[in-house]
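Reviewing the structure listed below.
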Amino acid sequence: EQVEETYIMVKPDGVQRGLVGEIISRFEKKGFKLIGLKLFQCPQDLAEEHYIDLKAKSFYPKLIDYITSGPVVCMAWEGIGVVASARKLIGSTNPLQAEPGTIRGDLAVQTGRNVVHGSDSPENGKREIALWFGEGEICEWTPAQAPWLRE
Ligand code: DAT
Ligand code: MG
């Protein structure tokens, strides 16, 4: 049982559509610990670095335009198994294939407007949090509810 960190981001469509509170709420209610949070206009170079693995894809330029098209909400969440669990809460990349009950399954219709990002491995969780947050922006704290979440 390894404590992990994941980078979750409400994409510009989620911010424009007023879904920020709804999306934060899903992770908060589940019981994960919020350790970083900010509204942020992503610069071009950071978007390119974040999606570096997809650089060769045909949709890459549109993806960079989308992510930099307006403010995003950057979040870091901590917990045992948080990386895989957050991916389940988010749902499949294509929102039409995402299960009802997931964020994308409930709130989106197209891959190019799928409202939220979540890291795909603990390694990428660490990499992405380091990329999107500066020193002093990550907060270590103990939620009052901690003993009611884990025995
Ligand atoms: P995910 O966001 O589910 O981790 P991914 O890492 O494969 O998916 O791709 C990152 C984002 O790129 C994805 O959220 C939306 C976009 N994308 C992926 N595949 C695409 C495709 N076939 N056409 C258009 N956009 C795509
Ligand atoms: Mg991904």
Side-chain angles (χ1 to χ4, degrees), residues 1-135 137-140 149:
E1 292 198 331
Q2 191 73 32
V3 178
E4 302 170 351
E5 294 169 7
T6 192
Y7 177 65
I8 303 294
M9 174 169 67
V10 183
K11 295 178 178 179
D13 50 332
V15 176
Q16 297 289 350
R17 292 176 55 210
L19 299 173
V20 172
E22 165 83 31
I23 292 170
I24 294 176
S25 195
R26 303 256 176 145
F27 299 96
E28 197 177 36
K29 287 185 214 164
K30 173 74 173 170
F32 292 122
K33 180 167 77 170
L34 184 65
I35 57 169
L37 175 68
K38 65 180 176 186
L39 182 74
F40 182 64
Q41 172 61 55
C42 175
Q44 180 88 9
D45 58 345
L46 176 58
E48 289 175 2
E49 181 62 26
H50 175 78
Y51 282 125
I52 192 88
D53 292 348
L54 299 174
K55 204 168 178 92
K57 302 281 187 186
S58 59
F59 58 80
Y60 181 79
K62 272 177 71 178
L63 179 60
I64 300 306
D65 285 350
Y66 163 47
I67 291 302
T68 57
S69 65
V72 295
V73 171
C74 309
M75 290 177 266
W77 289 88
E78 184 190 282
I80 292 166
V82 70
V83 173
S85 178
R87 296 275 294 182
K88 281 193 178 169
L89 293 173
I90 288 169
S92 302
T93 304
N94 180 345
L96 289 185
Q97 266 135 45
E99 293 294 327
T102 65
I103 296 168
R104 287 168 175 166
D106 289 348
L107 305 174
V109 292
Q110 199 190 39
T111 301
R113 296 286 185 272
N114 64 7
V115 303
V116 65
H117 165 84
S119 308
D120 61 10
S121 67
E123 296 68 39
N124 275 333
K126 279 200 185 342
R127 179 185 80 89
E128 291 169 3
I129 288 169
L131 205 55
W132 288 86
F133 287 96
E135 293 227 1
E137 288 187 320
I138 298 298
C139 189
E140 265 316 324
L149 281 160

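Nothing here was measured: the structure is a model prediction, and the numbers come from that model. Read the numbers this way: they start at 1 and go in the same order the structure lists the ligands and their atoms.
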**Prompt:** Quick one: does NZ or CZ of Lys38 land under 6.0 Å from the six-membered ring centre of Phe133, within 45 degrees of the ring axis?
**Reply:**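 Yes, a cation-pi geometry.
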**Request:** Report yes if the distance between the aromatic ring centroids of Trp77 and Phe27 is under 6.0 Å, otherwise no.
**Result:**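 Yes - the distance between ring centres of Trp77 and Phe27 falls below the 6.0 Å cut-off.
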**Request:** Could you check if a side-chain atom of Glu5 sits within less than 4.5 angstrom of a side-chain atom of Val82, using non-hydrogen atoms only?
**Result:**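 No, too far: nothing below the 4.5 Å cut-off.
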**Neighbouring protein residues of ligand 1 - any heavy atom closer than 4.0 Å** =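 Under the 4.0 Å cut-off, ligand 1 touches Lys11, Tyr51, Leu54, Phe59, Leu63, Arg87, Thr93, Arg104, Thr111, Asn114.
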**Request:** Without swapping roles, check the side chain of Glu137 against the backbone of Gly134 for a donor-acceptor pair under 3.5 Å.
**Result:**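 Yes.
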**Item:** Rounded distance [0.5 Å steps], OG in Ser121 versus CD in Glu4
**Value:**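 Spacing of OG (Ser121) from CD (Glu4) equals 9.0 Å.
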**Request:** State which residue, out of Leu37, Ile90, Val73, Leu89, fulfils the side chain to side chain contact (heavy atoms under 4.5 Å, CB included) condition with Ile8.
**Result:**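 Looking at Leu37, Ile90, Val73, Leu89, the match for Ile8 under the side chain to side chain contact (heavy atoms under 4.5 Å, CB included) is Ile90.
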